[in-house]
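Presented below is the structure to which this report refers.
Keep in mind that the numbers below use all heavy atoms, side chains included, and drop hydrogens, waters and symmetry copies. Indexing begins at 1, ligand by ligand and atom by atom, following the structure's order.
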Amino acid sequence: MISIKGLKKVYPAKHQDVVAVDDLNLEISKGEIFGVIGYSGAGKSTFIRLLNRLEDPTEGQIYIDGKDISAMGKKQLRKSRQEIGMIFQHFNLLWSRTVRENIAFPLEIAGVPKQQRKERVDELIELVGLKGREDAYPSQLSGGQKQRVGIARALANNPKVLLCDEATSALDPDTTDSILRLLVDINEKLGLTIILITHEMHVIRKICHRVAVMESGRVAEQGDVLDVFLHPREPVTKRFVEQVMGDREQEESLHLLENYQTGKVIRLHFVGETTNQALISQVSKQFDIAINILQGKITQTQKGAYGTLFVHMDGSDEEINRAITFIETSTTVEVEVYSDAE
Ligand SMILES: Nc1ncnc2c1ncn2[C@@H]1O[C@H](COP(=O)(O)OP(=O)(O)OP(=O)(O)O)[C@@H](O)[C@H]1O
Ligand SMILES: [Mg+2]
């Protein structure tokens, strides 16, 4: 649906030109939540501004639904922009307008008649969960509510794509979660393609299907979110994964796993498993063993749980082995015996 080829943006400067985006190539499918992560200055905002032609590319093409955005004239572009909604970190609302009037604004610009406008605004208010706050002014809203107005406004003209530039960076963790849930909800309900820019890996892990890691204007690495979490190749990606997972080697260097007189210490590696919560209790019920969780970190992604759990299993060798075989054959969890009491 979105195809980006050889995209480049150079800002001319006195001493040395700034290459903000450099030979960027990406394919984004319809209905996908695609994340772009990178440190400050990586070129993320420039990239997103190129996507809706707030900036003109120096080189390269951007095709949205087969149409080359980068080659469009002004008139064509104005029409195409209605198919692209955008939300921002600082909401960019009109402060002298109410919630209702803010959401109606893009409809006014598009020349939608009054009655139709009203109906559409009502629909949107319902969709983003702002019922009862229609007549409030932005200054009377919380950050999360302001972003809901931003989302409703961005969706007013039924765009095909929603661009989010650090849309949750100004919000607290709970509010961030509620806005992320709203984005997933909209993605599923409307089949909307979402491109989401962030410097926070937990945002990627919670809602994105695929991710591209940007560094110095280029894509350093891209893939399914779970794959990238599991096998980060580039140093920059590893640092982002550690943001969420902690440093694996450091965890394992802890020596609390050794001093058991009986039983086995087992390492369970969850790879996209959907039933991690149930697994431990199921195994301890089904087999005559005691299971103790020692340490670990499991994180949920769009496609299931990912992470490592160290557990101590105590009981007869035979029973422990049966439990291990059960986990190996009936789940996707990888099992490794970490230490075995003699
Ligand atoms: N209008 C501009 N004129 C000149 N240089 C610019 C302009 N906009 C961005 N740059 C430069 O391009 C590079 C990429 O900036 P960009 O804003 O795209 O990064 P970012 O990844 O969005 O960073 P952040 O996470 O801080 O928002 C930076 O070196 C920046 O200084
Ligand atoms: Mg930015």
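- Considering backbone and side-chain atoms alike, E166 places every N or O at 3.5 Å or more from each N or O of ligand 1.
- With hydrogens and angles disregarded, no donor-acceptor distance shorter than 3.5 Å links the side chain of T198 to the backbone of E166.
- Within the 4.5 Å cutoff, side-chain heavy atoms of L309 are placed close to those of I280.
- Residue contacts with ligand 1, taken as heavy atom pairs separated by less than 4.0 Å, do not involve F47 at all.
- Here the shortest heavy-atom distance to atom 25 (O) of ligand 1, taken over H199, K44, Q89, K9, belongs to K44.
- At the top of the distance list for atom 27 (O) of ligand 1, counting protein heavy atoms only, stands S45 OG, 3.8 Å.
- Under the side-chain contact (heavy atoms from CB on, under 4.5 Å) rule, R267 has a single partner from V337, V311, V335, T308, which is T308.
- Contact of the L163 side chain with the L51 side chain is registered, since non-hydrogen atoms from C-beta on lie closer than 4.5 Å.
- Note on the Mg ion (ligand 2): protein N, O or S atoms under 2.8 Å away count 1, no waters included.
- When non-hydrogen atoms are compared, ligand 1 lies under 4.0 Å from the side chain of V18 (C-beta onward) but not from its backbone.
- For D288, the CG atom counts as loosely surrounded, since its 6.0 Å shell holds 12 or fewer non-hydrogen atoms of other residues, nucleotides or ligands.
- In terms of protein heavy atoms, atom 18 (O) of ligand 1 is closest to T46 OG1, 2.5 Å.
- Residue G41 has at least one N or O atom closer than 3.5 Å to an N or O atom of ligand 1.
- Distances from atom 7 (C) of ligand 1 to the protein include at least one heavy-atom value under 4.0 Å.
- Looking at G43 next to ligand 1, an N or O pair under 3.5 Å apart turns up.
- With respect to atom 1 (N) of ligand 1, the closest heavy atom belonging to the protein is Y11 CE2, 3.5 Å.
- At least one N/O-N/O distance between A42 and ligand 1 falls below 3.5 Å.
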Exercise for the section: Any chance you could lay out the salt bridge (charged side-chain N to carboxylate O under 4.0 Å, His left out) test for E27 and K5, step after step, and finish with the verdict? Expected result: CA-CA 9 Å; E27 300 287 330; K5 296 190 192 304; 3.4 Å; yes
